[in-house]
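Notes follow the structure.
Order of the sequence lines fixes the chain letters, A, B, ..., with proteins taken first and strands second; residue numbering starts at 1 for each chain.
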Amino acid sequence: MEYNFSEIEAKWQEYWEQNQTYKTEIDVKKPKYYVLDMFPYPSGAGLHVGHPLGYIASDIYSRYKRLQGFNVLHPMGYDAYGLPAEQYAIQTGQHPAVTTAANITRYREQLDKIGFCYDWGREIRTSEPDYYHWTQWAFIQMFNHYFDTKLQKAMPVELLVQHLENNGTNGINAHGTEELDFSAAEWKLKTEKEQQDILLNYRIAYLADLKVNWCPALGTVLANDEVSEGLSIRGGHPVEQKMMRQWSLRVSAYAQRLLDGLSKIDWTDSLKETQKNWIGRSEGAEMTFRLKGKDVSFDIFTTRADTIYGVTFMVLAPESELVDVCTIPKQATEVQHYLEATKKRTERERIADRRITGVFTGSYAINPVSGTEIPVWISDYVLAGYGTGAIMAVPGHDSRDYAFARHFNLPIIPLIEGCDITEESFDAKEGIMMNSGFLNGLTVKEAIEKTKEYVEETGIGKIKVNYRLRDAIFSRQRYWGEPFPVYYKDDMPYMLDESKLPLVLPEVDKFLPTEKGEPPLGRAKNWQTEDGFPLELCTMPGFAGSSAYYLRYMDPKNDKALVSKEANAYWRNVDLYIGGTEHATGHLIYSRFWNKFLFDLGLVCEDEPFKKLINQGMIQGRSNFVYRIKETAPLNSPKGGKSTPVFVSYNLKDQYETTPIHVDVNIVYNDQLDIERFKNWNPEYKNAEFILEEGKYICGWAIEKMSKSMFNVVNPDDIVEKYGADTLRLYEMFLGPLEQSKPWDTNGIDGVHRFLKRLWALFYKDGELLLNNEQPDADELKILHKTIKKVTFDIENFSFNTSVSAFMICLNELSALKCNKRAILEPLVILLAPFAPHIAEELYHILGNTGTVFDADFPVCNEAFLVESTVKYPISFNGKVRFTLELPADMDKAEIEKTTLENENTQKQLNGASIKKVIVVPGKIVNIVI
RNA sequence: GCCCGGAUGGUGGAAUGGUAGACACGAAGGACUUAAAAUCCUUUGGCCUCACGGCUGUGCGGGUUCAAGUCCCGCUUCGGGUACCA
């Protein structure tokens, strides 16, 4: 019997489905373990060989945990809303629901071939009404809550209304967009519309006029994490700043908790660091500056209050409300010109061209500490969105201020003894203060503390913590997303009653904005409530559906709640989450925020959604090249030339002038081109000629991104077809450490395929079953248990590449011993089952078992079999190993030293030299220093 | 600029401070075969040597240590993240 992988794999995949092997239910008798993959957006291109990397790793871990007796939740679903399907719909008129469904079918086929242990009974799709019901529901809760800064948690808005009725804004602890100030009496005098407008300032989901990232090409607003360097992440279209009334989520209120939570979770340091930077906590002081000659004062934020004596000018952001106040009539025209010029520059232009620009307002502020008068300027290097939109400029010790001062010839004062500021500012927080009044002689660190105290005591300011984290803009002017459960009355937003959920996405005739420029939902017929109030026209962004999907998997069919109390109490949170780093500042922040919000409401029992997180590395492509000799370019080329292209093999190409051309990696084997297939690959090369080396055409190669245009995309289906799913799974793991980025190179897959064939050969040879029931000897037991120990350790550490090599070593050793013993092979098969489930099932049955191998117990290492009676000591001289010496394992240090020194090889090496020192590490090494 | 990772044979990669290159690919040689595939065996970091063996070697330069790919300091370089964040 041969190793017929296609037959075996089809057979077991069918068995698993028929027997519901991976169906998961709550079982309080067993400990739970929740393994989650980041669910995919089902794109039209299907899966390439890089996509399943993380899925294979999580699948191995899930199966391993199950074999160890855990009740493992391992679900999968689809992030089904998204821009590409809608862009495609705009171009073709094809409804995004149709293309999305087709893509999902394709994904499912591809995933099924790899043999994953997902419980497909729990599948979710974010675009299904019974799923987005709960996305809409969560939004309503966010609208109905505010963030209490003292309790550091979400509280019902009714409590806030009570407070406003009794005390106005006095003593209020609500995180707000703006600081408001009114009395209880004033509150009561306001109209309902005015009151609603004020409440929007505090709600966690709120509507506000914001400066947003507007992408004209996509016709929508984008969140900060969807924009990079002024271009949209999806599609790379230019993004501009625009004021718009938009829904937002008050993520910034949770900044401190999002930061604190990082210390409780097992994520990589680099990912935590990325989130820390994104949250961007900075401690400093907010100080008040008075304007000279006017009864106006304004606040600035600084982390370097200690440099207050070095302030030589102030700078306002162009968008700041203070611009009007500060600008004197004489400067008005100039300021106006500057503001207009700034407005015209897009974010992208500002990044590309960092000119120093600015304009003087004509006003002077007064330094609250030194009393000095300092000019107030306007410049776009100060951002309206951070701090107070105004800064005190200390050119001596801030490089941006320095550049500005140099450009406009403003004074620069050094504040640190001995610092050189002739060429650049001295930004480091070190040294002894000077020119700084009461701070002179202190170190910078002392000065920072002293200034803080001073600021608090004198009341010229207060200690303040600022965060870089912005609220998440939640409106998208697109069709293919969750509708908001929102209607408008008198221009104010109101939530639909929860009984009206889900609010189903309506049909539209086209997926484009209306003539009036409204979002596509403006085309929907009867898009209004029963009472005739208009419904919201925007839809929710991509991250809406992915923020709480891990909760829904716990209880996917529940139509009363997102997740039942008992399902949540059992499954709690994700024990292991595997996915890419690209979600570090998007999904992984939003999910944590969303979960914390639900936690505050008492709806989920864990404060953090993902306990342990592993980022699998990117699989890069490995492209192949052929080299066309230049003068053999096609006839229609400007240079003319021969009509038949001539290609020269890699190692001979330097003898010619050549053009490298990407060639499909699927017609290249071990860098050798299949010439016949190449000729058929592109009609242009039908009659091509080849200059070969040693009868072969060898291709060049390069590591590039895996993409269609580079012809380096490898489809997992092709690999499964040719080698089987088990080989694919083993090979993906064998490529290298899970977290490292590495190129896919199909060369080398033969190694793991041979491994499986040789494993098979321990059971069958020439159609004869070799399996026997003989007692294993000590050597065989040692090989087995050594492997159990190594593989268990490696799985626990997610070092799957080394576990595959441990299996290979084990097999090499067993093959050498011609071991066909059941007592050895049966545990080995179970050990291998998480990695290569199909062949393991088959062999498990050949061993005479029934049912599934995944109901077996994972083998446990018995250390007794690993005990060695002797140790081979490397004997080194001055650190260089010269020979080895086999000594009894229980020999003590003194004895080892004595035996070593008496050894004739030692005497030979010493050659009469005197010994300075002998280091003996029992069980390890002997080093003789001469 | 700042933060985080890397850098080891022709290639992917192993290596709790203790014999660097496990395991695999590729390559070379051999066996089997009419031939090919498949399979099996041998060799495979570099240099010197018929050989025994020796020298050298983990991006570069220092250091700590009996002993450094591994720890420390200073660079080079590649990848990722992030940015007029005051």
Side-chain angles (χ1 to χ4, degrees), chain A residues 2 228-229 268-278 280-282 284 300-305 307 315 317 350-351 354 356 379-383 385-394 397-401 403-404 427 466-470 581-582 584-585 615 617-618 620 622 670-672 701 703 730-731 734-737 739-752 754-755 757-758 761 793 799 801-812 815 872-884 916-921 923-930:
Chain A
E2 287 291 293
S228 177
E229 300 194 347
T268 59
D269 288 340
S270 78
L271 186 55
K272 286 187 187 182
E273 200 62 30
T274 304
Q275 290 219 339
K276 267 182 206 164
N277 291 340
W278 189 258
R281 182 192 154 101
S282 71
I300 58 94
F301 175 74
T302 177
T303 54
R304 294 293 305 274
T307 59
V315 187
R350 276 177 49 193
I351 290 164
R354 243 175 229 184
I356 295 163
S379 174
D380 65 1
Y381 83 89
V382 174
L383 306 177
Y386 185 78
T388 60
I391 62 155
M392 64 178 217
V394 185
H397 302 281
D398 180 284
S399 50
R400 294 154 303 178
D401 297 344
F404 193 83
D427 291 13
N466 248 314
Y467 298 91
R468 199 185 79 97
L469 184 68
R470 294 279 87 96
T581 30
E582 66 272 21
T585 54
N615 292 121
M618 277 254 294
Q620 297 146 312
R622 184 181 188 275
N670 287 329
D671 293 335
Q672 188 184 336
W701 59 273
I703 303 304
L730 283 175
Y731 188 54
F734 191 60
L735 275 177
E739 303 192 38
Q740 192 174 302
S741 281
K742 56 223 168 230
W744 175 270
D745 181 357
T746 309
N747 302 339
I749 195 165
D750 291 314
V752 290
R754 267 174 217 147
F755 161 76
K757 285 203 275 193
R758 292 177 59 213
F793 179 83
S799 178
N801 56 328
T802 52
S803 28
V804 175
S805 89
F807 281 119
M808 289 172 167
I809 293 168
C810 176
L811 184 65
N812 289 347
S815 300
K872 241 187 189 176
Y873 281 93
I875 311 300
S876 53
F877 295 80
N878 288 341
K880 291 186 183 188
V881 177
R882 291 301 164 192
F883 61 95
T884 59
K916 282 193 190 142
K917 201 172 173 184
V918 180
I919 312 282
V920 178
V921 185
K924 282 266 157 68
I925 199 167
V926 178
N927 189 18
I928 297 164
V929 187
I930 50 179

Check side chain to side chain donor-acceptor pair (under 3.5 Å) between [X] and all other residues, then give those that pass, not counting sequence neighbours.
X        : result
A:Asn927 : A:Ser876
A:Ser270 : none
A:Ser815 : none
A:Gln275 : A:Arg592

Which whole-number value in Å describes the distance from [X] [atom1] to [N] [atom2]?
X        : N     : atom1 : atom2 : value
A:Tyr386 : B:U82 : OH    : C1'   : 14 Å
A:Leu271 : B:U82 : CG    : C1'   : 14 Å
A:Asp427 : B:C85 : CG    : C1'   : 14 Å
A:Met618 : B:G12 : CE    : P     : 17 Å
A:Tyr467 : B:C85 : OH    : P     : 19 Å
A:Lys742 : B:G79 : NZ    : P     : 18 Å
A:Arg468 : B:C84 : CZ    : C1'   : 12 Å
A:Asp671 : B:G12 : CG    : C1'   : 13 Å

Response to the item:
Contacts of A:Thr746 meeting side-chain contact (heavy atoms from CB on, under 4.5 Å) (sequence neighbours excluded), chain-then-number -> A:Val714, A:Ile719, A:Trp744, A:Ile749
Item to complete: Apply side-chain contact (heavy atoms from CB on, under 4.5 Å) to A:Lys916 and list each qualifying residue two or more places apart in sequence or on a separate chain.
Response: A:Val929
Classify [X] by what it touches in the nucleic acid, base, sugar-phosphate, or nothing, heavy-atom distance under 4.0 Å.
X        : result
A:Pro737 : sugar-phosphate
A:Lys880 : sugar-phosphate
A:Ile391 : base
A:Lys757 : sugar-phosphate
A:Arg281 : nothing

For atom [atom1], what is the distance between [N] and [M], given to the nearest Å?
N     : M     : atom1 : answer
B:C25 : B:A20 : P     : 25 Å
B:U70 : B:C32 : P     : 49 Å
B:G74 : B:C3  : P     : 12 Å
B:G9  : B:G45 : P     : 13 Å
B:U65 : B:G53 : P     : 34 Å

Taking a pair as Watson-Crick or G-U wobble with both distances under 3.5 Å, which nucleotide is matched to [N]?
N     : result
B:G1  : B:U82
B:U39 : B:A31
B:C66 : B:G18
B:U58 : none

Item to complete: Please tell me which of A:Pro874 and A:Trp278 maps to the more 5' nucleotide of RNA chain B, matching each residue to the nucleotide holding its nearest heavy atom.
Response: A:Pro874
Practice prompt. Map A:Arg304 and A:Leu735 onto RNA chain B by nearest heavy atom, then report which one ends up closer to the 5' terminus.
Written response: A:Leu735
Residues that [X] engages under salt bridge (charged side-chain N to carboxylate O under 4.0 Å, His left out), provided they are two or more places apart:
X        : answer
A:Arg400 : A:Asp398
A:Arg622 : A:Asp671, A:Asp745
A:Arg758 : none

Please list each protein N or O that sits under 3.5 Å from an N or O in nucleotides 5-11 of chain B, with the distance.
none

Worksheet item: In terms of the angle between their ring planes, are A:Phe301 and A:Tyr386 parallel, tilted or perpendicular, with boundaries placed at 30° and 60°?
Response: perpendicular
Pick out the pairs of N or O atoms, protein on one side and nucleotides 63-74 of chain B on the other, that lie under 3.5 Å.
| from | atom 1 | to | atom 2 | distance (Å) |
| --- | --- | --- | --- | --- |
| B:C66 | OP1 | A:Lys917 | NZ | 3.4 |
| B:C66 | O2' | A:Asn927 | ND2 | 2.9 |
| B:C66 | O2 | A:Asn927 | ND2 | 2.8 |

Worksheet, complete the sentence: The glycosidic conformation of B:G9, counting syn as within 90° of 0 and anti otherwise, is syn
Fill in: Sugar-phosphate or base contact per nucleotide [nucleotides 22-29 of chain B; S, B, -; heavy atom under 4.0 Å]
BBSSS---
Quick check for you: to the nearest 0.5 Å, what is the distance between [X] atom [atom1] and [Y] atom [atom2]?
X        : Y        : atom1 : atom2 : result
A:Arg882 : A:Phe877 : CZ    : CZ    : 8.5 Å
A:Asp269 : A:Thr274 : CG    : OG1   : 10.5 Å
A:Asn747 : A:Gln672 : CG    : CD    : 11.0 Å

